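Because the structure is predicted, anything quoted here is derived from the model rather than measured.
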Amino acid sequence: MINRTELKNNWSVFLDRDGVINKPFPGGYVRKPSEFTFLPGSLFAFNLLSNIFKNIFIVTNQQGIGKGIMTIRELEDIHRQMLGKIKENGGRIDRIFFCPDLASKKPNCRKPGLAMAQMVKKEFPAIDFRKSYMVGDSLSDMEFGKNAEMQCVFIRSNDNDETNVSNIPVYSSLLEFARTL
Ligand SMILES: [Mg+2]
């Protein structure tokens, strides 16, 4: 267990969005603020995480943009609402990184590739990925974290039952993870 002073001074937490912070939209993409619903406890989790970590980032694949199902402006509207609610509840997110690319585009910036990690490094050169957690609900999140040498944490929700996460700590929610720190 890493002590709280060390976490506060030096550690970052990287969060996937859909399935970690909010409910994945059934059969598709969250396209507008009204389709965004926080998962139980995730707002309070940000309150805790904000007091624990030096940096809090989101890294999210948003292929709906590449598919033309939503625009970057709509994504920004969703994030503005999300950040507002998190702030109202005493939490914060320092920066959101997203990849709009289609999975079929080569090369692309999607997890598990490290393009978003490179974007982070460019903007925040002091970040040490070996002093970072990656919290996600899919294997691609775990591979991204592993590729960047982060500590991985898996959130097992109702509709993801990915089994092959041996040697990775598994929690039922972001709040459950935050409470262990
Ligand atoms: Mg996810």
Side-chain angles (χ1 to χ4, degrees), residues 7 11-31 33 35-65 70 75-76 78-100 103 109-114 116-117 119-120 127 129 132-148 150-165 168-181:
L7 289 173
W11 279 66
S12 305
V13 63
F14 290 83
L15 306 168
D16 172 46
R17 198 195 77 182
D18 303 310
V20 172
I21 299 170
N22 60 286
K23 292 182 186 164
F25 196 72
Y29 299 90
V30 177
R31 292 166 306 171
E35 294 176 345
F36 185 97
T37 311
F38 283 95
L39 282 163
S42 72
L43 273 172
F44 184 57
F46 276 102
N47 186 302
L48 299 182
L49 294 172
S50 299
N51 291 313
I52 294 170
F53 285 99
K54 179 166 185 175
N55 303 296
I56 303 174
F57 300 116
I58 292 182
V59 281
T60 177
N61 290 345
Q62 293 296 331
Q63 180 172 216
I65 294 168
M70 63 191 292
L75 184 72
E76 286 170 348
I78 293 164
H79 288 166
R80 197 173 305 115
Q81 174 189 267
M82 176 184 76
L83 291 171
K85 292 258 164 63
I86 288 170
K87 201 171 166 192
E88 269 171 37
N89 283 272
R92 65 168 220 278
I93 290 174
D94 296 303
R95 184 81 162 82
I96 299 172
F97 296 87
F98 66 89
C99 175
C109 55
R110 292 168 60 78
K111 296 172 284 183
L114 287 180
M116 281 194 279
M119 291 179 213
V120 173
I127 298 287
F129 293 135
S132 301
Y133 284 98
M134 174 66 216
V135 184
D137 71 326
S138 73
L139 291 178
S140 70
D141 297 324
M142 300 300 95
E143 277 174 47
F144 172 83
K146 213 170 93 184
N147 290 341
M150 298 177 185
Q151 307 281 321
C152 293
V153 169
F154 190 75
I155 303 297
R156 197 188 296 283
S157 59
N158 292 331
D159 44 4
N160 78 344
D161 194 28
E162 302 200 45
T163 45
N164 192 14
V165 287
I168 295 174
V170 177
Y171 299 97
S172 63
S173 67
L174 185 60
L175 180 57
E176 196 196 358
F177 165 62
R179 281 187 163 144
T180 66
L181 295 166

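Nearest heavy-atom pair, C152 versus P169, reported as atom, atom and distance to 0.1 Å: O-CD, 3.3 Å. Heavy atoms only, all atoms of each residue included: S132 and I127 are closest at OG-CG2, 4.2 Å. Closest heavy-atom contact between F129 and A117: CZ-O, 3.3 Å. The two residues I65 and L75 come nearest to each other via the heavy atoms CD1-CD2, 3.7 Å. Shown here for G19 and I155, the closest heavy-atom pair between the two residues is O-CG2, 4.0 Å. Considering all non-hydrogen atoms of both residues, Q63 and Y29 come closest at NE2-OH, 3.6 Å.
Between I58 and H79 the shortest side-chain heavy-atom distance does not fall below 4.5 Å. You'll find the side chain of Q62 stays beyond 4.5 Å of the side chain of I78, heavy atoms only. Side-chain contact between I21 and F46 is present, with at least one heavy-atom pair separated by less than 4.5 Å. Residues N55 and V13 form no side-chain contact, since every pair of their non-hydrogen atoms from C-beta on lies 4.5 Å or further apart. Between I93 and L83, some side-chain heavy-atom pair lies under the 4.5 Å cut-off. Contact of the V59 side chain with the M134 side chain is registered, since non-hydrogen atoms from C-beta on lie closer than 4.5 Å.
Atom CE of residue M119 and atom CZ of residue F97 lie 8.0 Å apart, to the nearest 0.5 angstrom. Atom CH2 of W11 sits about 10.0 Å away from atom CG of L181, to the nearest 0.5 Å. Here the CE atom belonging to M116 is positioned 7.0 Å from the OG1 atom belonging to T60, to the nearest 0.5 angstrom. In this structure, OG in S42 is found 10.0 Å from CG in L15, a value given to the nearest 0.5 Å. Put simply, OG on S173 and CG on L39 are 8.5 Å apart, with the number rounded to the nearest 0.5 Å. In this structure, CD on Q81 lies 4.0 Å from NZ on K85, to the nearest 0.5 angstrom.
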* Show the numbers, then the answer: is there a side-chain contact (heavy atoms from CB on, under 4.5 Å) between R17 and I96? => CA-CA 10 Å; R17 198 195 77 182; I96 299 172; over 6 Å; no

* M142 vs K146, side-chain contact (heavy atoms from CB on, under 4.5 Å): CA-CA, chis, key distance, verdict -> CA-CA 6 Å; M142 300 300 95; K146 213 170 93 184; over 6 Å; no

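The aromatic rings of F177 and Y133 stand perpendicular to each other, their planes meeting at an angle above 60°, with 30° marking the opposite boundary.
Without hydrogens or angle criteria, D137 side chain to V20 main chain gives no donor-acceptor distance under 3.5 Å. Panel note: side chain E143, backbone P112; no donor-acceptor pair is recorded below 3.5 Å. Here the side chain of R92 pairs a donor or acceptor atom with the backbone of S50 at under 3.5 angstrom. The backbone N or O of C99 lies less than 3.5 Å from no partner atom in the side chain of N61, so there is not a single donor-acceptor pair. Looking at T37, its side chain never comes within 3.5 Å of a backbone N or O of K23 through a donor-acceptor pair. N47 contributes a side-chain N or O that, together with a main-chain N or O of N89, makes up a donor-acceptor pair within less than 3.5 Å.
In this structure F144 satisfies the ring pair (Phe, Tyr, Trp, His ring centres under 6.0 Å) test with no other residue, sequence neighbours excluded.
Geometric assessment of R156 against the ring of F154 yields a negative cation-pi assignment under the 6.0 Å and 45° thresholds.
Remark: of the listed residues L7, L174, V135, I86, L174 is the sole one forming a side chain to side chain contact (heavy atoms under 4.5 Å, CB included) with L49.
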